[in-house]
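First the structure, in the form of structure tokens, and then the observations on it.
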Amino acid sequence: MPELPEVETMVRGLESKINEGEIERVEVIDQKLLRNTDQRKFQQTMTGNKIRDISRKGKYLLLDLKKGGVLAIHPRMTGRFVVNSYPAETDYARLKIILGDEGTLVFDDMRRFGTLDLLPDEDSGPLKKLGLDPLSPDYKEENLARVLQSRSEIKRILLDQKKIAGIGNIYASEILFRATISPWKKGSDLEKGKIKKLFKAIPEVLQEAIEKEGTTISDFRNPEGDSGNFQLSLRVYGKEGEECPRCSGEVQKAKQGGRGTYFCPSCQGVKEEK
DNA sequence: AGTATAACCTGTCTGC
DNA sequence: TGCAGACAGGTTATAC
């Protein structure tokens, strides 16, 4: 579920609710969550520690621990954080971090795809494989142009976290619509002008979605339990059969890499029936 | 090298 | 109403 804007919304929500309180204890409800981490070591590291900082890298949410170490949590499809929840709000709790006075931080994840890694720092483990962050100072047109040098279809490149970190299936379609590029165009076939449009469209779409506090199709909630609002601004994702907001053509849906891709054939220059 | 498919899970929706 | 099958915001392994 969560892509970059949703994870960023989660980070901001947690920042406003979590101070630097001491972790009393942690409850691991779903053992599978710790598949990459030793249970004992996890308990020892967490107990008595403090959350110094909350941040994001790609789609990972990072809890920086005061006594060293970083918890890197990837929410995958249905992972989310809830603070001081009522039991009904966390039917699928996999981990509870009990912070005493500040309450309890719950990681809730219906489909149980989410992952947790206890890492020495923010440049190790799965984090070091992440590509360009579209909202970081490293995001420059020349860097984007470099990762686009591939025979892969552009939508696949946008979804490849090793190339660009944070874009998922909703925003990939929205970005390509905004940049008027066919999802099936090969990266290395993109003209200079299209690269420029794409370079602009990526952070614009993501930033607007952050301002609307993410997209809620069905599951996504911020740590207070609220839905996002960007679903009201989607222009092609989930709009199959509707009129294109730009050219009055018809939005279509097709499969690409086993996933739904939404596009306007006439303004994005998609020729064949996909 | 690039693409397709299945797998990991649980829930929801659609069509017969 | 029931039930099988498809599908869902993500990622990874394996097979052409």
Side-chain angles (χ1 to χ4, degrees), chain A residues 1-10 29-36 56-61 72-81 88-95 107-117 125-131 147-176 182-189 205-206 209-210 212-222 227-241 253-262 272 274:
Chain A
M1 166 193 15
E3 307 180 31
L4 187 154
E6 289 72 39
V7 179
E8 182 64 29
T9 300
M10 289 162 63
I29 296 151
D30 181 3
Q31 197 56 47
K32 178 174 174 277
L33 184 62
L34 290 195
R35 63 165 71 172
N36 299 327
R56 174 193 66 72
K57 202 163 185 182
K59 300 175 192 171
Y60 286 85
L61 185 141
I73 292 151
H74 195 308
R76 296 286 180 104
M77 296 289 265
T78 55
R80 62 195 196 190
F81 279 95
E89 293 177 298
T90 54
D91 289 344
Y92 304 96
R94 302 183 70 195
L95 172 71
F107 180 63
D108 181 271
D109 180 17
M110 183 177 73
R111 289 178 71 180
R112 300 168 65 211
F113 287 164
T115 59
L116 179 153
D117 286 273
L127 302 180
K128 65 170 178 276
K129 296 181 190 162
L130 293 175
V147 300
L148 295 178
Q149 290 315 303
S150 157
R151 296 301 301 156
S152 292
E153 295 162 349
I154 183 61
K155 175 154 184 269
R156 296 167 185 277
I157 297 175
L158 294 183
L159 291 176
D160 184 345
Q161 304 299 302
K162 294 188 288 301
K163 293 196 159 70
I164 307 166
I167 299 171
N169 208 36
I170 294 177
Y171 298 113
S173 284
E174 293 294 315
I175 287 164
L176 291 172
S182 164
W184 289 272
K185 185 99 172 170
K186 311 284 187 196
S188 47
D189 287 345
V205 170
L206 297 176
I210 290 171
K212 299 278 173 70
E213 300 178 287
T215 301
T216 297
I217 304 295
S218 60
D219 299 299
F220 175 68
R221 299 290 185 278
N222 70 19
S227 298
N229 292 300
F230 195 71
Q231 64 278 9
L232 303 172
S233 305
L234 294 174
R235 303 219 263 166
V236 288
Y237 185 86
K239 307 291 185 188
E240 184 185 13
K253 180 185 185 183
K255 279 269 190 240
Q256 191 177 17
R259 316 196 63 194
T261 289
Y262 298 85
E272 310 280 317
K274 293 281 184 181

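Remember, predicted model here, so these are calculated numbers, not experimental data. The sequence lines fix the lettering, A, B, ..., with proteins before strands; numbering per chain opens at 1.
OP1 or OP2 of C:dA8 has at least one side-chain nitrogen or oxygen of A:Lys253 nearer than 4.0 Å.
Applying the side-chain hydrogen bond (donor to acceptor under 3.5 Å, both in side chains) criterion to A:Gln161, with sequence neighbours excluded, gives no partner residue. Scored by the salt bridge (charged side-chain N to carboxylate O under 4.0 Å, His left out) test, A:Arg151 finds A:Asp189 as partners (sequence neighbours excluded). Take A:Phe81 and apply the ring pair (Phe, Tyr, Trp, His ring centres under 6.0 Å) test, not counting sequence neighbours, and it matches A:Phe107. Partners of A:Thr216 according to the side-chain hydrogen bond (donor to acceptor under 3.5 Å, both in side chains) rule, which considers only residues two or more places apart in sequence or in another chain, do not exist here. Residues forming a salt bridge (charged side-chain N to carboxylate O under 4.0 Å, His left out) with A:Glu8 (at least two apart in sequence, or on another chain): A:Arg12, A:Arg56. Legend: residues meeting side-chain hydrogen bond (donor to acceptor under 3.5 Å, both in side chains) with A:Gln31, ordered by chain and number and at least two apart, are A:Gln39. Every salt bridge (charged side-chain N to carboxylate O under 4.0 Å, His left out) that A:Lys185 has, sequence neighbours left out, goes to A:Glu191. Scanning for salt bridge (charged side-chain N to carboxylate O under 4.0 Å, His left out) contacts around A:Arg112 gives A:Asp30, with sequence neighbours left out.
Comparing the same atom, C1', in C:dC3 and in B:dC8 gives a spacing of 24 Å after rounding to whole Å.
DNA chain B forms stems at B:2-8 with C:10-16, B:10-16 with C:2-8, each a run of 3 or more consecutive Watson-Crick or G-U wobble pairs whose two key distances fall under 3.5 Å.
Take the nearest nucleotide of DNA chain B for A:Tyr92 and for A:Arg35: the residue whose nucleotide is more 5' is A:Arg35.
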Counting only pairs under 3.5 Å, give me each side-chain donor-acceptor contact of residues 162-169 of chain A, with atom names and distances, residues two or more places apart or in other chains.
from	atom 1	to	atom 2	distance (Å)
A:Lys163	NZ	A:Asp160	OD2	3.4
A:Asn169	OD1	A:Lys155	NZ	2.7
A:Asn169	ND2	A:Gly260	O	3.1

| request: Scan nucleotides 9-16 of chain C nucleotide by nucleotide, 5' to 3', and note B when protein non-hydrogen atoms come under 4.0 Å of the base, S if they reach only the sugar-phosphate, - if neither. | output: BBB-----

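Contacts between chain A and DNA chain B, taken as any atom within less than 4.0 angstrom of a protein heavy atom, begin and end at B:dG2 to B:dG11.
The aromatic rings of A:Tyr171 and A:Phe230 sit tilted relative to each other, their planes meeting at an angle between 30° and 60°.
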